Participant: 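First, the structure itself, so that you have it in front of you.
In this text the structure is predicted, and so the values were computed from the model without any measurement. Residue numbers count from 1 along this sequence. Atoms within each ligand, like the ligands themselves, are counted from 1 in listed order.
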Amino acid sequence: MNANLKQSVAPESGTTVARTLIRGLRVITAGAANAIHADILISGNHIEAVIDRDKQPAQAAIAADYQIDGTGFLAIPGLINAHTHAAMGFFRGLGHGRTNMIETFLFPAEKALTPELLEPLSWSYLITSLRAGVTCVADHYYMIAGVGRALERLGMRGFIGETIADLGGAFPGWESWTRARETIDSWQFSDLVRPVIAPHAADTVSGKMLREAAQFAKQRHLTLHMHLSQTTGELHRVRQQDGMTPVQKAFTCEALWDRTLAVHMVSAREADYAELRASGATAVICPASQIIYEHLAPLENIAATGVPWATATDCAASNDGADLLNDCKWLGLLARDRRIADDTFDPRALLASVTTVPARALGMSGKLGTLAAGSLADIVFVRDDISMRPAFNDVRNLIYSAGSSGVEHVMINGKWRLWKRELCGASEQDLTNAFEGAVREIMRRTGIRGDL
Ligand SMILES: [Zn+2]
């Protein structure tokens, strides 16, 4: 038994593992309730094979540059957080007990942001995400290049969108759309960090801008990621401005298709959910955030319509942590509390909501969110210890018992990025110092006090 995944490559180097066989794992593959006993063969940045040892026990020796004993670990797909604002780490703990938080608190504070602050402000949320087994985020914010730099520094994957809005928000105007297109046309990042189109919301983006952004996204084969029906206030404003619901507006502007992440759906009715279902778009539910902002989305409408749904954490202003598995657990419990009787929110569906479902909306089906031949080597190694016993339902144990505290090592794109819960190739102390310096600066500029 080797509980440390001892290997002949120093994890600190972050070096690409040439061709590595990790033996003796238990592996959770897409859609299964229980793990299989398997070895994973990694070649460069992708998985070459997942070898089921119960089906192929007499497998001939596999030629690999390195062999690692993975006994004592459960391998799960890298988790995908379908909605974050990583740089809002500076709001941590300040969102509780506020009303109309978005308009009265967030927008005024965000006006004080300048580009050089975005990278350091992202460290806290991204590092805690990585330690929670999150390997990929769909991030939505202003001056997004700073978030992209932070992701590259940690070796994390991200689909990032420059927030656009012309009717409201921190920086309203058509310039936001010009900036977003320029950022994409002069893309400065590796394959790890890719662009999406990110309209802010149905009440802060005009129909003209939303329609143009959706057309652009389709032409470039990009995901469209937007807040939709986040609050009752948004519903009322869109009704006044456009004479329809936020979902109807997005539908009318042809902004809903199978590459759309429609985030929140709190003030959406069953008919809106049915419209989303027909469009192929994915609803993104952020349980902690929605409760702190206003209230949880109507989960019964998800059960009634069968719309695809992803779970996400949103941001530190409205969900102090970034522990995605914890949000999955709470979503399952809240569905139970609402007496939603079918299997809509069972453990397998909860795991799919942070793996295969968001992978599809990001255009990465078969590449992310699964452990199979041909998928990218984004793998989370969880301690397969007594918290995972008895092993009657491994996925339920993962979400309801072990949680993210069992995450020990994380590989992204074939490189070790977390080893024994420590960052590889970056000093957490240095990044913490930079984060705290940026927080002091933003607090100075805004006059926000931490004791409010
Ligand atoms: Zn959000």
Side-chain angles (χ1 to χ4, degrees), residues 80-92 94-96 98 100-110 113 118 121-122 124-126 129 134 136-144 147 158-165 168-172 176 180 196-205 210 213 223-235 246-247 250 255 260-268 281-297 309-324 327 331 353-354 358 361-362:
I80 303 169
N81 194 337
H83 183 64
T84 64
H85 310 281
M88 291 176 76
F90 67 102
F91 286 115
R92 175 169 290 134
L94 301 179
H96 295 262
R98 295 178 188 269
N100 300 321
M101 191 201 311
I102 299 169
E103 293 78 16
T104 63
F105 176 52
L106 299 186
F107 289 164
E110 287 169 334
L113 289 168
L118 271 288
L121 286 174
S122 302
S124 169
Y125 212 74
L126 292 181
S129 295
V134 173
C136 177
V137 295
D139 201 84
H140 193 302
Y141 212 48
Y142 308 104
M143 303 166 230
I144 200 74
V147 180
F159 289 77
I160 64 175
E162 178 76 29
T163 301
I164 62 168
F171 306 98
S176 64
V196 302
I197 302 300
H200 180 267
D203 60 335
T204 51
V205 178
L210 185 55
T223 291
L224 185 137
H225 177 186
M226 71 180 293
H227 302 100
L228 195 61
S229 253
Q230 180 170 7
T231 62
T232 309
E234 178 188 337
L235 174 63
V247 173
T260 303
L261 290 168
V263 182
H264 291 311
M265 297 289 287
V266 167
S267 54
T282 299
V284 181
I285 308 300
C286 310
S289 168
Q290 292 175 351
I291 291 167
I292 291 177
Y293 270 131
E294 193 163 297
H295 59 77
L296 184 63
W309 57 277
T311 306
T313 62
D314 206 346
C315 65
S318 59
N319 177 358
D320 308 84
D323 187 341
L324 191 57
D327 273 60
L331 187 55
S353 78
V354 291
L362 293 169

Participant: Report, rounded to 10°, the angle at the Zn ion (ligand 1) between the two atoms NE2 (H227) and OD1 (D314).
Facilitator: 180°

Participant: Drop me the distance from N319's CG to T84's OG1, to the nearest 0.5 angstrom.
Facilitator: 11.5 Å

Participant: Report yes or no: does C286 have an N/O/S atom closer than 2.8 Å to the Zn ion (ligand 1)?
Facilitator: no

Participant: Do any N or O atoms from the side chain of H140 and from the backbone of D314 form a donor-acceptor pair under 3.5 angstrom?
Facilitator: no

Participant: Check all N, O or S atoms of H83 and name the one closest to the Zn ion (ligand 1).
Facilitator: NE2

Participant: Are H227 and H225 close enough that their ring centers fall under 6.0 Å?
Facilitator: no

Participant: Distance from H264 atom NE2 to L228 atom CG, nearest 0.5 Å?
Facilitator: 10.5 Å

